[in-house]
Amino acid sequence: MEAQLAREAIAAALADAGLAPPPRGIDLRPIPFEGSWGVASSVCHAIAGDLVQRELEASGELQQLSKKEAKQRASEAARKRAQELAEAIATKVKSTNGFARVEAVNGYVNLYFDANAVASRLIGEVIKLGPDFGKGAPKTERVMVEHSQPNTHKVFHVGHLRNSCLGIAVSNILAAAGYPVLQATYPGDIGMHVIKCLWCYERFHKGQEPADPSLRGRWLGQIYSESDARLEYRKDVLSFLHLLSKEDQGFVAGIDRLLKYLWRKNEQGEVVEGEDIAYLLGRITHGQEIKEDQLRRDDVIVKFWPIVGDYLRDAALNPKPHVPAEGEPEPTMTPEERYARWQELNEHIEWWPEVPRWREEVRETFQRWERQEPEFVKLWQETREWSLADFRRIFDELGAHFDVWFFESEVEEEGKKIVAELLEKGIAEISDGLPVVKIDEKLGLKQETYRTLPILRSDGTSLYSTKDLALTKRKFEEFGIDRAIWVVDVRQSLYFQQIFKILELWGFEQAKKSYHLGYEIVRLPEGVISSRKGNVPIYDDVRDMVLARAREIIEEKNPDLPPETKERVARQVGLGSLKFAMLARDNNKVVVFDVEEALSFDGFAAPYIQYAHARACRILEHAGITPGQAIAHDDQQPALDFGEVLAPEELSLLQHIAILPDEVQRAAEYYRPLQIVNYVYELARRFNDFYHACPVLQSPEPTRTARLALVDATRIVLANSLALLGIAAPEEM
RNA sequence: GCGCCUGUAGCUCAGGGGAUAGAGCGUUGGGUUGCGGACCCAAAGGCCGCAGGUUCGAAUCCUGCCAGGCGUACCA
C-alpha cells in the first residue's frame with residue numbers, strides 16, 4: 001500500500017523533471033539502515049548510468065583512455081550524477097506527498113514512512129486476519145503434491161522423514177499462496193522389495209511375527225533387510241575383497257602367500273581348483289573387481305575367507321603406520337574396522353553357497369505374484385496392512401493429511417495397457433525385446449538429452465515407469481489437476497524429465513507445468529556411517545530419542561508444569577525440532593543428520609522460535625488479555641501510538657511482520673520451505689531483540705497498548721509461519 | 001563422453017543484481033532487586049573455488065577452467 005504510493009510519487013516526480021523511467025520500471029526495496037522504516041529506489045542510478053554514458057561518448061573524451069580507465073571514469077561520473085538526480089527527485093516528491101521524510105542518499109531516493117500510521121494499519125490488519133494473515137488471493141490452477149512414497153515391507157527412515165516434511169510444508173505453502181491443493185501419498189506396496197521380503201518371511205520366519213500388532217510393521221522391515229543381506233551376500237563379500245585389494249597394500253603384497261596356503265590345503269586332500277586361485281590372484285593384485293560368475297567352485301571363497309581373517313586380525317593387532325603413497329586415496333577403513341567388517345561377514349559365511357538357490361526361489365515367488373496365486377495374494381494383503389498401519393501412525397504424528405492414497409499395486413494393470421497404447425501410437429517401440437521410448441529421437445533432438453526410457457520389462461512385468469504413466473494420467477484426467485508436483489529424491493531427476501516428455505508426446509499439456517521437486521539424501525556424519533549399506537537411522541528410533549531429550553529438558557527448565565502439559569510440550573518441541581532440521585537446508589543440499597545436534601535444541605532450531613512464541617503468549621497473559629481478542633483493533637478505534645520516535649527494535653520487528661505475504665508467494669513460486677524457515681527464525685530473533693530492549697507491561701500509556709498490540713501481531717505471525725512448516729506453536733514450554 | 005547439482009568464516013549453512021556479505025555451532029569475555037536466561041550483548045574470525053565478460057553497480061547473471069557429488073535402457 002505504502003509501496004504503491006511511493007512508486008506513483010516517484011513516477012510523477014520523474015515526469016515532472018522531464019525524465020523517462022528506466023525500462024525495468026521503478027524498483028523499490030526496504031531502506032537498509034537501522035532505525036528507519038521506508039522504501040528506497042535506485043531509479044536514479046539507472047537513469048544516470050545511461051545519461052553519463054551517452055554524454056561521454058558524444059564528447060569523445062573516452063577515446064584516448066584505455067577501456068578500463070574509460071569504465072572507471074564513466075562509473076565515477078554516473079555515481080555523482082545519480083546523487084544529483086536523486087536530490088532533485090527527492091525535493092519534488094517531498095513537495096507533493098505525505099511521507100514523513102524524503103531524502104537522497106548515495107544516489108538512492110529514500111522515502112520514510114510515518115511509522116505510527118503504518119504500524120497501526122499493519123498491526124490492525126494482522127490482528128483482524130489472524131490465521132489468515134499472510135495468505136494470498138485465491139487462484140484457480142489446481143495443484144497436486146505427491147509426496148511420502150514409503151515402501152511397505154520396509155522400514156520408514158529419516159530419508160522418508162525429509163520427504164514427508166518437505167511435502168507437507170510445500171503443500172501448506174501452496175495452499176496459503178492461494179492454490180487449491182490436493183496432497184497425495186503413493187506407498188510402494190508391490191515390487192521386488194515386497195517379493196524379497198515375503199520370500200524371506202516364508203522361508204525363514206513364518207509364524208514368528210511379534211504378538212503386539214503395533215510392532216509388526218517394523219518387524220517386517222527387518223525381514224526385508226535380512227532378505228537383502230542374504231541375497232546380496234556374495235556381492236558384499238566380493239566388494240569387500242575389492243576394497244582390500246585397492247586400499248590395503250599389505251593384503252595385496254601378501255596375496256600370493258595367502259593363496260599358496262589355500263593351495264597347500266589342497267594338497268592335503270581338499271579339492272580346490274587352481275584356476276579359481278589364479279583368477280583371484282590376478283584380480284586382487286591388479287585391484288580389479290572379482291566377478292562372481294568367473295569363479296568355478298562354490299567353496300573357494302568359503303575356504304579363502306578364514307585365511308583373510310587371519311591376516312586382518314594380525315593387521316589389526318599389529319598396526320603398521322600408514323604411509324600415504326603417491327596418488328593413492330586415503331583408506332576408508334582402519335585395520336580394526338576392516339577386521340570388524342570381516343567378522344560381520346564371517347558370521348554368515350555359510351550363506352555363500354546358498355545364494356544362487358535363494359535367487360531362484362525369489363524368481364519363483366515373483367511368478368506366484370504374477371499368477372496372482374490366491375494364497376500368496378492373501379499373504380501380501382495381510383503383511384501390507386502391517387506396514388500401512390505403521391505409515392498411518394507416522395503420518396498422523398507428522399501432521400500429514402492426504403486427500404488421495406495411490407497404491408502401486410492399483411496401477412500395474414492400467415500401466416500395461418498404456419504401454420500397449422503407446423506402442424500402437426508409435427511413441428514407444430520394441431528395442432532388443434524391450435518396450436522403450438526413444439525420447440531424443442521422437443523429439444528430433446540431435447544431442448543426447450533425455451535418452452531412452454524402458455517402460456515395461458521384457459518379460460512383460462511392470463516397471464516404476466509403467467505405473468507412473470498410468471498414475472499421472474489419472475491425476476490429470478480423474479482429478480483435473482493442472483500442475484502435478486512430485487517430491488522425490490533428486491537422483492531421479494532425469495527419470496522425471498523423461499516421464500514429462502513422454503506425457504507431452506502423448507498429448508498432455510499439463511506435463512509442461514509439472515515439476516519434480518528433488519531433494520538430496522539424509523546422511524550420517526562422517527565416521528558414524530558404517531560400511532553396511534542401508535544404515536540410515538530409523539524414524540521411530542530418532543523420534544524416541546528426540547522425545548526423551550525434550551522431556552529431560554522440560555523437566556530441567558520448567559519442572560512445575562502439569563504432567564500432561566509436559567508431555568504435550570515435549571512432543572511439540574521434539575517433533576518440531578526434527579521437522580525444522582529437515583527443512584532448514586536447501587533441497588539440493590545433503591542433510592547430515594547428527595543426532596547430537598538434533599537433540600541440542602540450541603541456536604538455529606525450532607525451540608528458539610517456539611520459545612519466542614511462548615514468551616509473547618505469556619506477556620499477553622500477564623496483561624490479562626486473551627490472545628487476539630482484547631486488542632482487536634479496527635478503523636473505529638484510535639490509531640496506535642508508539643511515541644514520537646519508534647525504537648529501532650520496534651521498527652525492525654514491524655518491517656519483518658509486513659513482508660510475510662510476499663515471503664509466502666516467493667516460497668510457493670520456488671517450492672521452497674526454506675524461505676519460510678529463514679523468515680520465521682529472523683522474526684523470532686527480532687522479537688527477542690525487541691523483548692530485551694522495549695518493556696511492554698511497564699511502559700506508560702499509550703505506548704503500552706501499542707506494544708501489546710505489536711506483541712499480539714508477532715504472536716500471530718510466528719504461529720502462522722510455523723503452521724506453514726507443520727511445526728507447533730506452544731503457548732508455554 | 002554427455003547431463004544435473006555443489007564450492008561463502010575453523011565447522012554446518014543463509015544470502016540468487018543494489019548501500020557496510022550474515023546466522024548457528026565452536027573459541028574468548030560480559031549481562032537477571034525487569035514481561036520466562038531454551039534469552040541477550042561484545043570480541044575474534046572472509047581473495048564469496050579460479051580467470052574473463054555483461055552492468056552505473058556482481059557473492060548473485062553469462063562463458064571458460066579447477067575441485068567434489070550424483071545420474072546416464074529392463075532398481076525405485
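Note that this is a predicted model, so its numbers are computed, not measured. By convention in this document, chain letters (A, B, ...) are assigned in the order of the sequence lines, proteins followed by strands, and residues within each chain are numbered from 1.
- Within the 4.0 Å cut-off from OP1 or OP2 of B:A73, not a single side-chain nitrogen or oxygen of A:Tyr495 is found.
- OP1 or OP2 of B:A76 sits under 4.0 Å from a side-chain N or O of A:Arg457.
- Within 4.0 Å of A:Asn106, counting heavy atoms only, lies at least one base atom of the nucleic acid.
- Considering only side-chain N and O atoms, A:Tyr608 lies under 4.0 angstrom from the phosphate OP1 or OP2 of B:C40.
- The separation of B:A38 from B:C62, taken at their P atoms, amounts to 46 Å, rounded to a whole angstrom.
- A close approach under 4.0 Å does not occur between any side-chain nitrogen or oxygen of A:His692 and OP1 or OP2 of B:C35.
- Residue contacts shown for A:Cys44 are absent, as no nucleic acid heavy atom lies under 4.0 Å away.
- Rounded to whole Å, the C1' atom of B:G26 lies 8 Å from the corresponding atom of B:C11.
- A:Ala40 comes within 4.0 angstrom of a nucleotide base, judged by non-hydrogen atoms across all strands.
- Annotation: side chain of A:Val39 is not in contact with side chain of A:Pro30 (no heavy-atom distance under 4.5 Å).
- At least one side-chain nitrogen or oxygen of A:Lys557 sits closer than 4.0 Å to the OP1 or OP2 atom of B:A38.
- Atoms OH (A:Tyr450) and P (B:C4) sit 10 Å apart, rounded to a whole Å.
- Mapping A:Leu463 and A:Phe604 onto RNA chain B via the closest heavy atom, the residue that lands nearer the 5' end is A:Phe604.
- Applying the 4.0 Å criterion to OP1 and OP2 of B:G7, one finds that A:Lys589 has a side-chain N or O inside that range.
- Remark: aromatic rings of A:His656 and A:Tyr679 are close, center separation under 6.0 Å.
- Among the heavy atoms of the strands lying under 4.0 Å from A:Asn110 is at least one base atom, whether or not backbone atoms are also near.
- Spacing between atom CZ of A:Arg615 and atom P of B:G36 amounts to 8 Å, rounded to whole angstrom units.
- Of the charged side-chain nitrogens involved, none lies within less than 4.0 Å of a carboxylate oxygen, so that A:Glu663 and A:Arg666 do not count as a salt-bridged pair.
- Taking side-chain N and O atoms only, A:Tyr611 has a distance below 4.0 Å to OP1 or OP2 of B:A38.
- If you check every strand for non-hydrogen atoms under 4.0 Å, A:Arg707 touches nothing.
- Distance noted for atom C1' between B:C2 and B:C56: 40 Å (whole Å).
- Atom-to-atom distance recorded for A:Arg618:CZ and A:Met733:CE is 12.0 Å, nearest 0.5 angstrom.
- Rounded to an integer number of Å, the gap from A:Leu494 CG to B:A76 C1' is 14 Å.
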Grab the N/O contacts between the protein and nucleotides 55-58 of chain B below 3.5 Å, and write none if there aren't any.
{"unit_1": "B:U55", "atom_1": "O4", "unit_2": "A:Lys71", "atom_2": "NZ", "d": "3.2"}
{"unit_1": "B:C56", "atom_1": "O2'", "unit_2": "A:Ser75", "atom_2": "OG", "d": "3.4"}

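- Within the cation-pi definition used here (under 6.0 Å to the ring centroid, within 45° of the axis), A:Arg685 does not qualify as a partner of A:Tyr608.
- Checked by atom type and distance alone, the side chain of A:Arg523 never pairs as donor or acceptor with a backbone atom of A:Val590 at under 3.5 Å.
- A distance of 6.0 Å or more separates the ring centres of A:Trp486 and A:Tyr186.
- Using cut-offs of 30° and 60° for the angle between ring planes, the A:Phe580 and A:Phe604 rings count as perpendicular.
- For the P atom pair drawn from B:C65 and B:U28, the interatomic distance equals 46 Å after rounding to whole Å.
- Between B:A44 and B:U6, the distance separating the two P atoms is 33 Å to the nearest Å.
- Taking atom P in both B:C13 and B:G45, one finds a spacing of 24 Å when rounded to whole Å.
- Backbone-only engagement by A:Arg666 is indicated by non-hydrogen atom pairs under 4.0 Å involving sugar-phosphate atoms exclusively.
- For A:Glu649 against A:Ala693, the heavy-atom pair with the smallest separation is CD-CB, 3.4 Å.
- In this structure, the CG atom of A:Asp586 is 17 Å from the P atom of B:U60, given to the nearest Å.
- Here B:U72 presents its C1' atom at 14 Å from CD of A:Gln492, a figure rounded to the nearest Å.
- Among the atoms of the strands shown, base atoms are found under 4.0 Å from some heavy atom of A:Leu697.
- At whole-Å resolution of the value, CG in A:Asn588 and P in B:C13 are 11 Å apart.
- Contact check, A:Asn688 against B:C40: a side-chain N or O comes under 4.0 Å of OP1 or OP2.
- Between the CD atom of A:Glu232 and the C1' atom of B:C75 there is a distance of 11 Å, given to the nearest Å.
- Position along RNA chain B of the nearest nucleotide to A:Ser462 versus A:Asp689 favours A:Asp689 as the more 5'-ward residue.
- Across all strands, A:Asp489 comes closer than 4.0 Å to no nucleic acid atom at all (heavy-atom distances).
- Residue A:Phe33 is classed as a base contact, given a heavy-atom separation below 4.0 Å to a base.
- Note on A:Ile554: a base of the nucleic acid sits closer than 4.0 angstrom, heavy atoms only.
- Between A:Tyr671 and A:Tyr515, the ring planes are parallel. Angles under 30° get that label, and only those over 60° would be called perpendicular.
- Classification of the A:His193-A:Tyr224 ring pair by plane angle, with boundaries at 30° and 60°, yields perpendicular.
- B:U27 atom P lies 12 Å from atom CG of A:Asp602, rounded to whole Å.
- Taking the P atom of each, B:C5 and B:A14 are spaced 15 Å apart, rounded to whole Å.
- Straight-line distance between the C1' atoms of B:C66 and B:C50: roughly 7 Å, to the nearest whole Å.
- Residue contacts shown for A:Ser431 include a base, since a base heavy atom lies under 4.0 Å away.
- Listed candidates were B:C35, B:G15, B:A19. Nearest to the side chain of A:Pro32 is B:A19.
- Among the heavy atoms of the strands, none lies under 4.0 Å from A:Val52.
- Secondary-structure annotation of RNA chain B gives the stems B:1-7 with B:66-72, B:10-13 with B:22-25, B:27-31 with B:39-43, B:49-53 with B:61-65, with a stem taken as at least 3 successive Watson-Crick or G-U pairs whose two distances both fall under 3.5 Å.
- Seen from the ring of A:Tyr691, A:Arg615 counts as a face-on cation partner, given the 6.0 Å and 45° thresholds.
- Among A:Arg79, A:Arg81, A:Glu87, the single residue meeting the side chain to side chain donor-acceptor pair (under 3.5 Å) criterion with A:Gln83 is A:Glu87.
- Which of B:G24, B:C75, B:G71 sits closest to the side chain of A:Arg451 comes down to B:G71.
- Close to B:G3, at under 4.0 Å from its OP1 or OP2, lies a side-chain N or O of A:Gln447.
- Note that CG of A:Asp489 and CG of A:Leu517 are 11.0 Å apart. Values are rounded to the nearest 0.5 Å.
- Taking 90° from 0 as the syn/anti boundary, the base of B:G16 is oriented syn.
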